[in-house]
Amino acid sequence: MPSSRFATPSTMITALTRNAGIEVPLICGAMYPCSNPELVAAVSDAGGIGIVQPISLTYVHGHEFREGLRYIRRLTSKPVGMNALIEASSRRYHERMVEWVTIALEEGVRFFITSLGNPRWVCDRVHAAGGHVYHDVTERKWGQKGKDAGVDGLIAVNRRAGGHAGPKSAETLLEELGPLGLPLVCAGGIGDAPDFVAALRMGYAGVQMGTRFIATPECRASAVYKQAIVEADEDDIVLSERITGVPVAVINTPYIQRMGLKAGPLARWMLRGHRTKHWMRTIYALKSIWQLKRSSLDETGAKDYWQAGRSVAGIREIEPAGGIVKRFRDAVSG
Ligand SMILES: Cc1cc2nc3c(=O)[nH]c(=O)nc-3n(C[C@H](O)[C@H](O)[C@H](O)COP(=O)(O)O)c2cc1C
């Protein structure tokens, strides 16, 4: 008898589908700046779950937070989730995140994905409302920390992921995190239906994709960015420290080649200092928020920081988000 954490191929019922109240164990991960309401809603409406990235919703796509959630609700009645980046580096940011989580709960969101920091306060609030919290991790020690804080599942971010990739493979993460006894979601490197089926067969309770969902008509990213994803191969993905100070997976465009991949000497020196590292991180956070917004929407593609993971290998065309969810679902049951 297989463990209930794992997918039953014919029905696709997993711990993730039960916890999130969805039909297909497929998450459209939070993406700054690419998570726009129409994309989130399209994935949820097709039976997966789209995750709202609050800074993307408000700063990039111009919605007041509550109004943005209500707009998504008008596009779909199915469950949507929210990403809470809970690094407590600034008190103002923390207060803003607490407010966003509170509003999301009031607006009926019951599935949350936390990243960084200690997710205990999110778990307390979300569990009190009958919801579930999954926590992004790149290795076992963060998984243990999440489990101690009460999370219901872990998103295992592997080394092929877009955004801030982890150091380990999907196989290693499954082995390391499996003994914690929580449902595991595979994040990174899944670009096509056979990869999705393989992850479920390996024992993952679901898959979180980012890059694949950028190359969709619903995503508001520029046409040149989407086309670059379609044309890129696995070897075109490099890790750049120049955007946030820690490695981020990007397409190796001529602009990236000109800029180099390492942080500059002043930034490196500041990141090493005990006091200066906090300033440097704040400078990076503000700079990257602005820079990534511009890069994702700029149709000229002249100064392009195009984030994408190694899943580009399986992405060959721009395809509606709902069609992707359906195709992946059919690949499991077919
Ligand atoms: C453009 C882009 C932006 C991302 N931004 C975030 C983010 O704001 N918060 C987060 O938790 N993960 C972020 N991620 C990670 C995704 O949620 C997801 O885990 C990852 O994309 C999975 O790998 P894949 O791109 O190979 O599918 C981002 C990924 C991409 C590609």
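Just follow the structure's listing: the first ligand is 1, and inside any ligand the first atom is 1. Index from 1, following the sequence.
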Return the orientation label for the Tyr134 and Phe111 ring planes: parallel under 30°, perpendicular over 60°, tilted otherwise. tilted
Arg70 meets the side chain to side chain donor-acceptor pair (under 3.5 Å) criterion, sequence neighbours left out, with Glu107
> Is the backbone N or O of Arg160 less than 3.5 Å from a side-chain atom of Asn158, with the two atoms forming a donor-acceptor pair by type?
Replying inline: yes
* Do the charged groups of Lys326 and Asp330 touch, with an N to O distance under 4.0 Å? -> yes
Ring pair (Phe, Tyr, Trp, His ring centres under 6.0 Å) filter on Phe196, not counting sequence neighbours, yields Phe328
Under 4.0 Å from ligand 1, residues with heavy atoms, in chain and number order, are Gly29, Ala30, Met31, Tyr32, Gln53, Asn83, Ser115, Asp136, Arg160, Ala161, Gly162, Gly163, Ala187, Gly188, Gly189, Gln208, Met209, Gly210, Thr211, Ile214, Tyr225, Gln307, Ser311
Hits for side chain to side chain donor-acceptor pair (under 3.5 Å) against Asp45, two or more places apart or cross-chain, chain-then-number order -> Thr76
